[in-house]
Amino acid sequence: MTAPLAAPDTDGAASAAFIEKRPLERYVAPDKPSLVGLTRDALAAALGGIGVPERQQRMRVAQIWHWLYVRGVQDFDAMTTLSKELRTELARHFTLARPDVAAEQISVDGTRKWLLRLPGETDSRPCEVECVYIPETDRGTLCISSQVGCTLNCTFCHTGTQRLVRNLTPGEIVGQVVLARDRLADWQRAASPSGDGEKRLVSNVVMMGMGEPLYNFEAVRDGLNVVADGDGLSISKRRITLSTSGVVPNIARAGEEIGSMLAISLHAVTDELRDQLVPLNRKYPLRDLLDACRNYPGVSNARRITFEYVMLKGINDSLVDARALVRLVKGIPAKINLIPFNPWPGTQYECSDWEEIEKFSEVIFNAGYASPVRTPRGRDILAACGQLKSATEKLSARERLALRAMAMTD
Ligand code: SAH
Ligand code: SF4
């Protein structure tokens, strides 16, 4: 099996260009920007820009922060601790807009999926990303996106076949969490005193939607720091997981500047196979990747790195692979997460048979690792991350309606 080397949006110059796509568009801020997702410093600067004196800025930021991220207000008029004049002035220059929801699907198992429409460089071509809420007994996990499309081109991933349109802004990253809290009526629930978001429906965030977060480093860092802020959305960094396909130079930086939990999309135990599945491996091979994991700031038995491993029939699912996987991560505080491959139209791969997944998982388990197989959720609405956009893009209007009807009635 050979991976397609040439991705659509490359300049063809260096070999790295075959792996890394360039953004087609840049973000164009609207005339009236939203305050959602600005860092505290950026919010203070925005207030300064409309004449709030410097000595008042910290206090105003704290007040607005509370209204935005603890109370979830969508209207400046609700910010009753601010003077009427300031509220009017804020409304004249800013909005509290969240990303627009283009489609919502609710699975029989409670999984919810939102297709979000974000502004494109021109009005004629808006950008779309997805965001998925997965309820479980002890937690509620929100899977968010970091890019429209992806810089990279993993061959088993539908997003990898798409163009990289642009990076999301911090506001669009935080906006996904804020929007989920709106839609789930989550603001009304009590925030736990530990600041751990326990009683909220959205208790955990995983950056496992569209895009490679470590190729949108600053926005992801700033956005996740807003999400983790203890006086706001309060989702602690132990409950935030950033998943990367292995952008080695940014892994240590992520540990230092973000400090969230880390997941690595490993998927193969030899460079030869990983070069095919995750072409970025040609630039940052397994040895460098595992070294970066060993040295990840803060890694310990209490803060393990998750290794994701997608189960591809006849490709990476033999017991030899399973044993090699155990050897490979030896010495790294690790969890291993087996993911059943979620097929998409036109893919060359199939999901491993269930018996193979079980046998594979047993080898991992016997080596001392809990090896949960990620249960496919929301199958009725194609809810695995990376699927809603791909599905709706490819389908005709009639098929889209049928899909939606199916999701509603199944
Ligand atoms: N770009 C990042 C995060 C987004 S992808 C990364 O690659 O880690 C999130 C996870 O979903 C990754 O482990 C990715 O390899 C996996 N994935 C992508 N397509 C998939 C598919 N069709 N079936 C199962 N898992 C998939
Ligand atoms: Fe991008 Fe992750 Fe998909 Fe690879 S698996 S193409 S890095 S979204």
Side-chain angles (χ1 to χ4, degrees), residues 29-99 142 144 168-205 207 218-240 256-260:
D31 292 342
K32 240 182 168 190
S34 174
L35 293 183
V36 173
L38 297 187
T39 61
R40 284 173 185 271
D41 286 349
L43 187 52
L47 295 180
I50 62 164
V52 174
E54 208 179 328
R55 63 193 147 74
Q56 279 188 21
Q57 282 171 16
R58 250 187 85 186
M59 181 182 73
R60 298 290 175 226
V61 166
Q63 289 171 319
I64 294 172
W65 201 264
H66 180 83
W67 289 113
L68 278 179
Y69 300 125
V70 179
R71 309 291 283 272
V73 304
Q74 300 195 38
D75 189 338
F76 287 109
D77 263 342
M79 298 187 172
T80 48
T81 50
L82 305 182
S83 70
K84 185 107 189 57
E85 295 72 48
L86 179 55
R87 280 184 264 155
T88 309
E89 204 51 18
L90 284 169
R92 228 159 58 80
H93 296 277
F94 305 108
T95 71
L96 299 175
R98 289 84 160 114
L142 190 72
I144 62 173
L168 297 198
T169 65
E172 290 166 338
I173 291 166
V174 178
Q176 295 172 67
V177 181
V178 168
L179 177 99
R181 288 221 159 134
D182 292 346
R183 291 271 168 159
L184 297 165
D186 210 8
W187 302 111
Q188 289 85 327
R189 291 164 184 269
S192 79
S194 65
D196 218 13
E198 209 99 51
K199 290 207 185 95
R200 305 274 204 196
L201 289 179
V202 178
S203 62
N204 292 52
V205 168
M207 196 157 252
E218 281 83 8
V220 165
R221 175 196 61 202
D222 291 352
L224 291 183
N225 279 317
V226 172
V227 171
D229 188 296
D231 293 321
L233 292 165
S234 269
I235 299 178
S236 83
K237 289 186 177 174
R238 297 175 134 261
R239 292 175 174 268
I240 300 177
E256 279 148 20
E257 298 180 33
I258 303 173
S260 65

| message | Out of the candidates E257, K237, R40, only one should pair with N225 under the side chain to side chain donor-acceptor pair (under 3.5 Å) rule; please name it. | response | K237
| query | Just by modelled atom types, is the A91 backbone N or O under 3.5 Å from a matching donor or acceptor in the K32 side chain? | reply | yes
| query | Under the 3.5 angstrom rule, does the side chain of R181 hit a backbone N or O of V202 as a donor-acceptor pair? | reply | yes
| Side chain proximity check, D77 to K84, heavy atoms < 4.5 angstrom | yes
| query | Among L96, L86, L82, whose side-chain contact (heavy atoms from CB on, under 4.5 Å) with I64 holds? | reply | L82
| In Å and rounded to the nearest 0.5 Å, what is the CG to CG distance from L142 to N204? | 10.0 Å
| message | Please give me the minimum heavy-atom distance between V178 and W187, naming the atom from each residue. | response | O-CZ2, 3.7 Å
| Closest approach of R239 and S203, non-hydrogen atoms and distance? | CD-O, 3.4 Å
| Is there a side chain to side chain contact (heavy atoms under 4.5 Å, CB included) between D231 and V70 once you walk through the steps? | CA-CA 8 Å; D231 293 321; V70 179; over 6 Å; no
| message | Counting C-beta onward and ignoring hydrogens, is there a side-chain heavy-atom pair between L168 and Q176 closer than 4.5 Å? | response | yes
| message | Tell me if a side-chain donor or acceptor on Y69 pairs with a main-chain N or O of G37 at a distance below 3.5 Å. | response | yes
| said: Determine whether a donor-acceptor pair (N or O, by modelled atom type, separation under 3.5 Å) exists between the side chain of Q57 and the backbone of V52. | reply: yes
| Cut-off 3.5 Å, side chains only: do R60 and Q63 have a donor facing an acceptor? | yes
| Salt-bridge contact D186-R200 (side-chain N to carboxylate O under 4.0 Å) | no
| note | d(D31 CG, H93 NE2) to nearest 0.5 Å is 12.5 Å
| Gap separating the CG atom of L179 from the CD atom of E172, nearest 0.5 angstrom | 12.5 Å
| W65 and V226, any side-chain heavy atoms less than 4.5 Å apart | yes
| query | Can you tell me how far CG of L224 sits from CG of D229, rounded to the nearest 0.5 angstrom? | reply | 12.5 Å
| query | Closest heavy-atom contact between M79 and V73? | reply | CE-CG2, 3.9 Å
| What are the two closest non-hydrogen atoms of F76 and L35, and how far apart are they? | CE2-CD1, 3.8 Å
| message | Return the CE to OG1 distance between M59 and T81, rounded to the nearest 0.5 Å. | response | 8.5 Å
| query | Would you say E218 has more than 12 foreign heavy atoms packed within less than 6.0 Å of its CD? | reply | yes
| field | Nearest-0.5 Å distance, CG of residue L68 to CG of residue L38 | value | 8.5 Å
| Donor-acceptor under 3.5 Å (D222 side chain, T39 main chain) | no
| query | Checking side-chain contact (heavy atoms from CB on, under 4.5 Å) against V205, which of I235, L233, I173 comes through? | reply | I235
| message | Testing the basics here: between P170 and G223, what is the closest heavy-atom pair and its distance to 0.1 Å? | response | CB-N, 4.1 Å
